[in-house]
Each structure stands twice: as structure tokens, then as C-alpha cells.
Amino acid sequence: MSALRPHRRWCSCPSEDALRTGSISTSSAALAELLPGDGGRKPAQCGAQAAPVHLDGRMGDQKESLRKITHTLAVKNEEISNFVCTLKQSLENLEANSGRVQEDLESEFSALHAVLGEMKESMLTRIKQERASRTYELQSQLSACSKALESSEELLELANQTLCSAEADGFTQAAKDIKDSVTMAPAFRLSLKAKASDNMSHLMVDFSQEREMLQDLRFLPVPATPEIQVSECQVCDNTVTVVWTLPEPDSKIDHYILEHRRTNHEGPPRIREDYPWMVLEGIREKEHTLTGLRFDTRYMTFRVRACNKAVAGEFSEPVTLETHAFTFKLDAGSAHQNLKVEDLSVEWDSSGGKVQEIRKEKNRTNSPMHSPARTALMSPKRAPTARPGRDRFTAESYTVLADTMIDAGHQYWEVRFDKESKAFAVGVALRSLGRFDQLGKSSASWCIHLNNWLQQSLTAKHNNKARTLDCPIPASIGVYVNYDEGLLSFYNAKTKVLMHSFKTKFQQPVIPAFMVWNGSFSVVTGLQVPSVVQSGQRRNSGTSSSNASLT
């Protein structure tokens, strides 16, 4: 064994000492994995017989093991150091929070003492007022009775003196005077019933119930964490109804706080988000409906917490609901030169053609980037981008397309238009719609067309065929596209009454298309398919008008 001692000192390391003293949690098994050799058996004795190459190789392996152990120790030390900082911060927070709740408790008891003091003063004042009032009544009655008694005693003495008199001449007159005095005596006009009672029992108090309530005072518990019931939440008609429950009933809860944020991914929100939390406070029920939303992102994340009079509980686990809706903008680069596009609004501009001619002249001498014509045509909110490989619509095709195509699912949007427009159309078109093509006059577009030129008419158009619609002209039109089923329907946007449906099979993606002449319109996007429209489409799935029926 003596031969092993130098070798043991040579191959020992600080990490092994740390393991023996318990300063690091790395197990002996883990250490054995890091050390090379025979898995923890005693090392061979060092002697002159060992080959130098073998010793160098073994030393290199042990150095590598030492590096690994050192790295493990450094990582553990960093973890412990971070945990120490956390504990110190927790101690500071504990001190501050305990001081805060102690101050709150003293404040509440001071307020309670103040209320009791005010109640005591009020009740004592009531007793004093009652005593003073009754004292006045009784003293007044006592004074009147004392005066009447004194008068009666004087009259009684006079009567006795008269009876004892022996003179007959004055007796008759004296007796008459005494009789008249007795008749008018105050004693006979007094009420011998006390005007006030000396009983004060109606002002006695019994605080036994209140005393029990005070003895039952406890620290207010933190409300439990609610749980959002995803299966009961609803997303429809651009509203979201969020429903939640509590693990157990809690009569102390005063209200709930609901927070929501827009997001573009499923599941819980990330640590950093582009959109902030929107806060809704003072909710009394365990559900809430958000209305008037514009769904310009695919998902919305929700969380809720319960609050009592003093403290708010923890937020529930975030729940993400799909709030998909069709959102697009108008492609100003596709718009006819007479159409002035401003975001989602379009207005007829009769000077557009003249501006184009001016631009052509300016192009011969000046840079088109700073020409007046270019400035006049560009939208202040969104720079126009021409359709790839195509020019803008021209001639009598006063058309503008959206910037988003539909190649699956079902979508819905609404158009508000000026009914005084000379002509207006809304529908969908293939991306291949020609620059000279008018909506509804080719096989690449479907639309509803309003004509106010010579006589007013509302028609459904496709492939240069038209059908007159016998329905009132609405203030706005809702457009519904079910791409997979090849269905295009138009609705009165306010009443959701079906105006017309096309039944076809879309061979290519379609894109929202619009036309206006001497008028204006605006588009509303970010709308979900209304539930009335969905149910109506299911009922009318076998009765929709077809393309072949257009004449």
C-alpha cells in the first residue's frame, strides 16, 4: 500500500476533494464516467517498468478528464452563484413585501378603529340627545305640578280659615270666592301622567354577532387561478367569447381581469411579442365577449386572473384561439389611371388620363421619379407596385385588384359604395385578367354590376352574360368566396340577404376585383365569414344560381 500513496497524490484533483467534502453534487458514478481507465478500480503501481509513451498517454487522458471535471464544477458554481443572487433578492423582496402587508394591516385596523370610534360617538350622542329631551319634558312637567300644588295649598288654607270664622255676614261672599278659585285652580287642569318615560332600554346594544365577526377576521386568501375552457370559447362574427372556471367557488372574488394580445403563432405567447397585452378590467361574470374586433392576425392569445378587494391572483395559462379572417389591401399598381387609390378607398379621378399624358411629356426631359404626374398618382400611405409582368388596367376597364389571392378555404369581405356612381362592380377575377378586360365581360371574372348611366339596373355578370337582379340596391355588399366548392355569393351586407350566387369550379386562384366609374367605394377587410352567411350557404347549397343560367 505504501507504493500506492505517491501515485494517489499524483492523480488526485480538487474536484475529488470537493466530492469528499460535499461541496459539489456530482456523484461518484458521474465522476467515474469522466475519469478514464478501469471504471474506478485502483490505479496500477508506478514503476520503472512502465513505458514512457504509456505514461504520457495516461497523463493526457487524465488532463482531459480534469478539464471536464473543472468545467462541470464551474457550471455548478455558476448555478449556485445565480441561486445565491436569487435567494438574496428573495430576502429583499420578502422584507419589502412583509413591511407592505404589515402597513396595510395596521391601516385596515386603524380604519376599523376609526369606524368603531365614529359609531361610538354617534350612539353616545343619540343617548345624550334622548336624555336631554326627556329631562326637559319631565322638568317642565315637574315645575308646572309644583306651582299648581303650591297654589292649591294656599287655597286650601284660605278655605279652612273661612270655615273656622264665626262671622256670618262675610261667610257667604268668602265661600263664593273660594268656590270660584277652586274651579279655576291649575291643579284641576294638570295631567297626572308623566310626559316622558324613564326607560332607556330601546338604546341598549348587543354586539355579540359583530364580536364573532371580528373574532373571525382572517388574512384574505389569494384568489385561485382561473382556467380558460377552450371548448366553450367561441370565435364568430368578428367577436370572441372567452369562458373560464375556478377550481372551487370563492365568494370573496370581486371581479376578473382579462388580457388579450394578437399573435401570429399557435400556443402560449413567446417572451417577446410584437403586440402588447390589452387589458379589460372590472369583469363580474366568468365569461366575456369582445366585439368590434378587426382580425388582422391569425391568432389571439388570452389570459385571465381573479381579484378580490385586496389582491389579484395569478394569471391563467395563456390560451390561443384562431381568429383567422381575410385581410388584403388594394394594389394601386393595378389600378386604372383614372382611379385614385388611398389604402382601402378608391375615388374616380377624371384628370387621371391627363396626368398620364403630362408624365409622358415630362419623361422626355426630366426624371420620372420626381415628376408631378408620379407624385399625383402615388398613394400617400402605400406606394403602388405594378402587377408582375403586367401593366395597369386601361381603356374602359376602370378596374383595381386586391394584393392577395384566394386559393383555398372560404373568405368574406364587404364593399361600401356610392350609389350615385355612374357604374360600379365588385367580384373576383383570375390574375390573368387582361388589362383591357372589363369585369364580367370575360371568362376570367365574375361580378355584380350597378349601372346608373341611362337607367338604373343591378346585374350579375360573367363571360359577357348578364342576369338582372330583382332586389333593392344595398348601401354595401358582402362578398363570400368558398374556393374549394367553387362558390361566389353576394349579400346585402346589412341584412345578410342573399342577392346572387355563382356556382363554378375555379381552375386558378382568384383575387378580389373592383370597378368604378364616376363614383367611389371603400373596402372593409379583416372580417370573418358571418355565421348567418355560413348557415345560409348550407341551406342554399343545392339552389345556387349557376354560370350557365346567365343570359
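The first residue of the sequence shown is numbered 1, and numbering continues consecutively from there.
Here the closest non-hydrogen pair linking A425 and H449 is CB-CD2, 4.0 Å. Counting all heavy atoms, side chain and backbone alike, T263 lies closest to T320 at CG2-CG2, 4.3 Å.
Between the CD1 atom in I473 and the CZ atom in F417 there is a gap of 7.0 Å [rounded to 0.5 Å]. Taking CD1 of I448 as the reference point, atom CG of L469 lies at 5.5 Å (rounded to 0.5 Å). Note that SG of C447 is 10.0 Å distant from NZ of K441, once rounded to the nearest 0.5 Å.
Side-chain atoms of K503 and L487, non-hydrogen and from C-beta on, do get closer than 4.5 Å to each other. Contact check for F302 versus I228: side-chain heavy atoms found under the 4.5 Å cut-off. I257 places none of its side-chain heavy atoms less than 4.5 Å from the side chain of L280. Side-chain contact between I511 and V428: absent, with no pair of heavy atoms (C-beta onward) separated by less than 4.5 Å. Q438 places a side-chain heavy atom less than 4.5 Å from the side chain of E396. Residues M405 and V510 have side chains not in contact (no heavy-atom distance under 4.5 Å, counting atoms from C-beta outward). Using a 4.5 Å heavy-atom cutoff, the side chains of R431 and L401 are in contact. Residues S522 and V346 are not in side-chain contact: their nearest non-hydrogen atoms beyond the backbone lie 4.5 Å or more apart.
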List, one per line, each side-chain donor-acceptor pair under 3.5 Å for residues 233-241, sequence neighbours excluded.
residue, atom, partner, partner atom, Å
D237, OD1, S531, N, 2.7
D237, OD1, S531, OG, 3.4
D237, OD2, S531, OG, 2.8
N238, OD1, Q528, N, 2.6
N238, ND2, L293, O, 3.0
N238, ND2, G526, O, 3.0
T239, OG1, C236, O, 2.7
T241, OG1, T289, OG1, 2.9

Distance-only donor-acceptor pairs under 3.5 Å for side chains of residues 88-95, two or more places apart:
residue, atom, partner, partner atom, Å
Q89, NE2, N93, OD1, 3.0
S90, OG, T86, O, 2.9
N93, ND2, Q89, O, 3.3

Under 3.5 Å, side-chain donor or acceptor atoms of residues 101-117 against the rest of the protein: list the pairs with distances, not counting sequence neighbours.
residue, atom, partner, partner atom, Å
S110, OG, E106, O, 2.8
H113, ND1, F109, O, 3.3

Show every donor-acceptor pair shorter than 3.5 Å between a side-chain atom in residues 450-457 and any protein atom, with sequence neighbours excluded, or say none if there are none.
residue, atom, partner, partner atom, Å
N451, OD1, W453, N, 3.1
N452, OD1, Q456, NE2, 3.0
N452, ND2, K419, O, 2.5
N452, ND2, S421, O, 3.0

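Judged by distance alone, with hydrogens and angles left aside, the side-chain atoms of N338 form a donor-acceptor pair with the main-chain N or O of D349 at under 3.5 Å. Between the R298 side chain and the F295 main chain, no donor and acceptor come within less than 3.5 Å of each other. Formation of a donor-acceptor pair under 3.5 Å by the D437 side chain with backbone atoms of G434 is found in this model. Looking at D484, its side chain does come within 3.5 Å of a backbone N or O of G409 through a donor-acceptor pair. Without hydrogens or angle criteria, R435 side chain to T394 main chain gives no donor-acceptor distance under 3.5 Å. A distance-only check finds no donor-acceptor pair linking the side chain of T504 to the backbone of F506 [under 3.5 Å]. With hydrogens and angles ignored, the 3.5 Å screen pairs no side-chain donor or acceptor of H288 with any backbone N or O of I283. A distance-only check finds no donor-acceptor pair linking the side chain of N463 to the backbone of K465 [under 3.5 Å].
Listed by first then second residue, pairs satisfying ring pair (Phe, Tyr, Trp, His ring centres under 6.0 Å) with a partner in residues 214-255 read W244-Y256, not counting sequence neighbours.
Under 4.0 Å is where a charged nitrogen must lie from a carboxylate oxygen, and between K309 and D254 at least one such pair does. With respect to the salt-bridge test (charged N to carboxylate O, under 4.0 angstrom), the residues E347 and K340 do not qualify.
Within a 6.0 Å radius of CD in E314, no more than 12 heavy atoms belonging to other residues, nucleotides or ligands are found. Sparse packing is recorded around NZ of K494, with 12 or fewer heavy atoms of other residues, nucleotides or ligands lying under 6.0 Å away.
Ring orientation note: the planes of W517 and Y398 are close to parallel, at an angle under 30° on the 30°/60° scale. A perpendicular orientation is assigned to the rings of H500 and F502, their planes being inclined by more than 60° (bins at 30° and 60°). The aromatic rings of F514 and F521 lie parallel to each other, their planes meeting at an angle below 30°, with 60° marking the opposite boundary. In this structure, W413 and F328 have perpendicular ring planes: the angle between them is above 60°, well past the 30° mark. Ring geometry for Y480 versus H410: interplanar angle over 60°, hence perpendicular rather than tilted (30 to 60°).
Checked against K329 for a side chain to side chain donor-acceptor pair (under 3.5 Å), the options T525, D343, T404 give a single hit: D343.
Cation-pi geometry between R261 and Y275 is not satisfied (NZ or CZ under 6.0 Å from the ring centre, within 45° of the ring normal).
In this view, R305 satisfies the salt bridge (Lys or Arg N to Asp or Glu O under 4.0 Å) rule with no residue, not counting sequence neighbours.
Side-chain N/O atoms of S489 and S501 include a donor and acceptor closer than 3.5 Å. Inspection of the Y483 and E485 side chains reveals no N or O donor paired with an N or O acceptor under 3.5 Å.
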